[in-house]
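Data block below; observations after.
Predicted model only: the values in this text are computed from it and were never measured. Chain letters run A, B, ... following the sequence lines, proteins first, then strands; residues in each count from 1.
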Protein chains: 2
Amino acid sequence: MAKTKDSNTEGNILASAENIFQSKGMDGARMQEIADKAGINKAMLHYYYRSKQLLFEAVFNKAFSLLAPQLNVILNDDSTIEDKIKNFTSSYISFIMKHPYLPSFILQELNRNPKFAKKLQENQNFPNLEKFKNQVNLEIEKGILKPIKGEQLFINVLALSIFPFVASPLIKIFLKSSEKEYKQLMKDRKTDVSDFIIKSIKA
Amino acid sequence: MAKTKDSNTEGNILASAENIFQSKGMDGARMQEIADKAGINKAMLHYYYRSKQLLFEAVFNKAFSLLAPQLNVILNDDSTIEDKIKNFTSSYISFIMKHPYLPSFILQELNRNPKFAKKLQENQNFPNLEKFKNQVNLEIEKGILKPIKGEQLFINVLALSIFPFVASPLIKIFLKSSEKEYKQLMKDRKTDVSDFIIKSIKA
DNA sequence: ACTTTTGTCAACCAAATGGTTAAACTATTT
DNA sequence: AAATAGTTTAACCATTTGGTTGACAAAAGT
C-alpha cells in the first residue's frame, strides 16, 4: 500500500458504489458520481474494479449475501412453523428497516437482468424450500395447521415482510403518512405480520 | 395527417415506448430502441412527444391510470369486507397476469423519482382509504371481524396480491419452477390469497 | 393550381459517459 | 539511497445518447 496507511480506498469505493447503485440502479448510476462520493479520482474505480459491470457485481453479490442467509431462519431451523414465522418476520423486518433500499435493489436488478437469476440458481448454495414444505405438510397431518400449500405459505411470508418496503413510496401516499408514521407502521408489522399469518393457518 | 392515413405513428410510438420503458425502466431505455421497435425515425419521437422525459411520463401516467381504478373495487364499493377482498384479489391478480411488468415498473420508477409520488399525491383523485378503514372498524365492532388496523389489512391485501409479480424472478428460483408452474401458482392465488386473508380476519 | 400545413427522414451536434494513459507520487525492498 | 512496486491524478479518447436541423413529400386548404 502506498500513501496514507489509514485510507482504505478500495473499501471507500465499495461503500460509495453501494450507496449509488442501490438507490439509482445499474443504469442510473454514474461512475463519476461514485468517485465523487468516495472523494477520489474516477480512474481509481477502474484500478480496483476494472469496469462498471464488475463493480456493480461486487455490490450486488454483497447485497445478496446479506439478504439470503436470513432466509435460513425459516428454512433450516428446527423449531415449529409457528415459531419460525414469528422469528423470521420480526427479524427480517428489523433487518430491512436498517437497509431499506436492499429489497428494491435486488428485485429491480433481478428483473432487469435474468442472467443474474440463472447465476444464483446454479452457483450458490441457494436456500432450499424442501425441508420447509415437508414440515408444513407434517404439521397439517398432525392437525397443528390448517391445510395450505407450503409454496404459497412461503410466498405469503415473504410478501407480507418485504412488500411494504418495496412499495414504500406508494404506501406513504395511500396512508398520507409522514416518514415517522410510516416507520411506526413498519415497527408494528414486526408482530402484526406473524399474528396475521398465524391466525390464518393455525388449526 | 400526411402520407399514409392508416399508419398511426403516434400510437405506434406509445406502444413501443411502453414495451421498452416498462421492461428496462427510464434509465435503461434508449430512444433509438423505441424508434426501431416502432419502425420509424428517431426524430419522430421528438416530433410527437418533445423529449424522453415527456414520452416516459405519457407511458407512466397511462400505466398508473390502468392500475389505480382497480383499487376502487376494494375502497369505494359497498359490499362487505369479505366480499371486497375476495373480489379484489381475484380481479387484481387476473389483471396483473395480463400485464406482469406493470407493478415492477410503477414501483421502480416511484422509488427512483420521489417527485412522481408527490405529483400523484396532489393532483389525482387518488384512491382514498378512509371509507375502507371506517368499514373495517365497524365490522370489528359488530363482531364480524377480529381486531385489525385497517391500514395493515390494506397493506396485507396489496402485498399478497402484488408481491409475487414484483418478485417473480426470485420466486421462480426458490420454487425451481418453470414458467408454466409459476403461472399455475399465480392462478391458484386468485382464490388462495383471499382464503388466506379471510381465515385470518373473520371472527 | 398553388400555398400551407403536417409528417418523415438522413445527417448532424453537443454533452455525457465508461474507460485509458502517462506521468507523478509514495511506500517498501534491497 | 537507489531501485522497485503500488497508488493516485489530470488529461484524454471513443462511443453513445438525447436532441436538432433542413430538406422533402404528402395531405389539406384556398
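Rounded to whole Å, atom C1' of C/dA10 lies 14 Å from atom CD1 of B/Ile40. Atom P of nucleotide C/dG19 and atom CG of A/Asn41 are separated by 15 Å, given to the nearest angstrom. A/Glu10 places its CD atom 14 Å from the P atom of D/dG6, with the value rounded to the nearest Å. With rounding to whole Å, B/Gln53 atom CD is found 18 Å from D/dT17 atom P.
Cation-pi check for A/Arg112 over A/Phe60 is not met; the charged atom does not lie both under 6.0 angstrom from the ring centroid and within 45 degrees of its normal.
Closest approach to the B/Lys52 side chain among D/dT9, C/dG18, D/dG19 is made by D/dG19 (side chain taken as heavy atoms from C-beta onward).
Within a heavy-atom distance below 4.0 Å of DNA chain C, the residues of residues 42-50 of chain A found are A/Lys42, A/Ala43, A/His46. Applying a 4.0 Å cut-off to non-hydrogen atoms, the residues of residues 21-37 of chain B that approach DNA chain D are B/Ala29, B/Arg30, B/Met31, listed by residue number.
The aromatic ring centres of A/Tyr101 and A/Phe105 sit 6.0 Å or more apart.
A salt bridge links B/Lys131 with B/Asp78; the closest basic N to acidic carboxylate O contact falls under 4.0 Å. Remark: A/Glu181 does not engage A/Lys172 in a salt bridge, criterion side-chain N to carboxylate O under 4.0 Å.
Using cut-offs of 30° and 60° for the angle between ring planes, the B/Phe64 and B/Phe126 rings count as parallel. In this pair, A/Phe95 and A/His99 present their aromatic rings tilted. The plane angle is within the 30 to 60° band.
Tested against A/Phe154 for a side-chain contact (heavy atoms from CB on, under 4.5 Å), the candidates A/Leu158, A/Val157, A/Asn156 yield a single pass: A/Leu158.
B/Thr9 has a side-chain polar atom (N or O) that falls below the 4.0 Å cut-off from OP1 or OP2 of C/dT8.
Rounding to the nearest 0.5 Å places CG of A/Asn41 at 10.0 Å from CG of A/Asp36.
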